[in-house]
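Here is how names work: the chains are called A, B, and so on, in the same order as the sequence lines, proteins then strands, and each is numbered from 1. Keep in mind that this is a model prediction, so the values were computed, not measured.
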Number of protein chains: 2
Amino acid sequence: MSTAEETDGGSAPWAEVTPEAARRLLVAAVEAFAERGYHATTTRDIAGRAGMSPAALYIHYKTKEELLHRISRIGHDRALFVLEAAADGGGTAAERLAEAVRSFVRWHAERHTTARVVQYELDALGEEHRTEIVELRRKSDAVVRRIISEGVQAGEFDVPDIPGTTLAVLSLCIDVARWFNAQGSRTPDEVGDLYADLVLRMVAAKR
Amino acid sequence: MSTAEETDGGSAPWAEVTPEAARRLLVAAVEAFAERGYHATTTRDIAGRAGMSPAALYIHYKTKEELLHRISRIGHDRALFVLEAAADGGGTAAERLAEAVRSFVRWHAERHTTARVVQYELDALGEEHRTEIVELRRKSDAVVRRIISEGVQAGEFDVPDIPGTTLAVLSLCIDVARWFNAQGSRTPDEVGDLYADLVLRMVAAKR
DNA sequence: CCCGAACCTGAGCAAGCGCTTAGGGTCCGT
DNA sequence: ACGGACCCTAAGCGCTTGCTCAGGTTCGGG
């Protein structure tokens, strides 16, 4: 199945993963996990996609779960980085919120293969690894909540339930990874713009 | 693991599934699939939760996949029924949209165990069964799109991108099944009210 | 020319998987 | 009293799984 899909989008995808053989395995694992899910993917499938024998996987990674952890960790780091960059970009709260949603959604759409694994295969991680990842997600939550809170205090926003609205905004963005299809009619930029508009409407002060 | 969880919420949960032994198995499968995912769940686990031997499962269901299909089919039927009831309830487009979101979200929160299986284990279905379910999902989409379109035509709503906004509304509601936690601080009713408010803001005409 | 480190493979092990089969209780109508 | 329909289990088959290990290939430095 699958030609090359798109290996994964944009700028320097997994450059930090070395050596090259380990990166090939990781990229293969991302594709396989995204297509079939972690539990339905076999180590033979991953190794095969990377053009290696099953045994080669265990030279670079201790277990299949470690592969998922590495993917999840790097993916969450990047998604959080994108969010924080927008939050620290300056401007009004509305401008910062719009930019945060726009770039966070764009990331989930452009890299939807990675994002699907990162966002929906969390339960397959072991206890320790999962708590580490959950901590990163709390930080994403804090970033969005902070922008919304500041917007409320500045009188830009009208938000009766700040934690609830924060949750809804993040939920909306994350779910893009589930339904986004590269062959579909929308580009990542278009989805980002649409979602930024929708979120601004959700928090807008009544006039 | 797990005491009784809550077997699944409210009114006559799986009454239409007979005989009783088949229902017990199905309820056990819903719990197991929701906790661990379809592929990580074994037939031995399902049978064990239902208090039977592994072989008993195959008297009532031909395969493990058939169990998932039955769950998915019934779940989608119910969710769609809830949506359509609200859509046909009368009133302004805003009232109907609010009620649709409120009850759809409430369903996903109250029955989040079932909903998680229904919404997130679709890929595990076989080709034929999956296309059958996808058809039901298209109907949900059509229901929401229709309300929004009518609201726009009546001048109640201002929605530049009707298909995109429809997608976002459904995505927001469905994702409740992923994060909702019965032990959390919010009741299904509260989440339903919050989300109905947020969605109305998304489509509201500017004043 | 050879050595050792780095990297990879073929073969396969123990365990667990979905599913089957032969047979045994239980309870009904007669 | 008893035959048969119904429902269940113990045992296990054939296969795949995650993972291991002994050994082969490649390559730079001496």
Within the pair A:His60 and C:dC8, is there a side-chain N or O less than 4.0 Å away from OP1 or OP2?
-> yes

Can you check the B:Glu20 CD to D:dC7 C1' distance for me, whole Å?
-> 13 Å

Looking at the side chain of A:Ser53, which of D:dT17, C:dG10, C:dC17 is the nearest nucleotide?
-> C:dG10

Roughly, in whole Å, what's the span from CD in A:Glu66 to P in D:dC19?
-> 10 Å

Carboxylate-amine/guanidinium proximity below 4.0 Å for A:Arg145 and A:Glu150 | no

So CZ of B:Arg178 and CD of A:Gln119: to nearest 0.5 Å the spacing works out to 6.5 Å

Is a salt bridge present between A:Glu35 and A:Arg49, judged by a nitrogen-to-oxygen distance below 4.0 Å?
-> yes

Round to a whole Å and report the spacing from NZ of A:Lys64 to C1' of D:dT16.
-> 12 Å

By nearest nucleotide on DNA chain C, pick out whichever of B:Ala40 and B:Lys62 is the more 5' one.
-> B:Ala40

For B:His39, which contact category applies under a 4.0 Å heavy-atom criterion: base, sugar-phosphate, or nothing?
-> nothing

Whole angstrom value for the distance that separates P of D:dG18 from CD1 of A:Ile46 | 8 Å

Interatomic spacing from NE2 in B:His39 to CZ in A:Arg36 - rounded to 0.5 Å | 9.5 Å

From D:dC8, C:dG18, D:dC19, nucleotide with atom closest to A:Thr63 side chain | D:dC19

Here the distance between atom C1' of D:dC6 and atom OH of B:Tyr58, to the nearest Å, is 21 Å

With a cut-off of 6.0 Å (strictly less than), are more than 12 heavy atoms of other residues, nucleotides or ligands near CZ of A:Arg137?
-> yes

With DNA chain D as reference, determine whether B:Arg24 or B:Arg44 sits nearer its 5' end, using the nearest nucleotide of each.
-> B:Arg24

Quickly work out the A:Ile59 CD1 to C:dC7 C1' distance and round it to whole Å.
-> 6 Å

Using atom CE of A:Met52 as one end and atom P of D:dT26 as the other, report the distance to the nearest whole Å.
-> 16 Å

Starting at the 5' end of DNA chain D and moving along, which residue's nearest nucleotide shows up first, A:Ala55 or A:Tyr38?
-> A:Tyr38

Answer yes or no: does a side-chain N or O of A:Thr43 lie under 4.0 Å from OP1 or OP2 of D:dC19?
-> no

Separation of C:dC7 C1' from A:Leu57 CG (nearest whole Å) | 14 Å

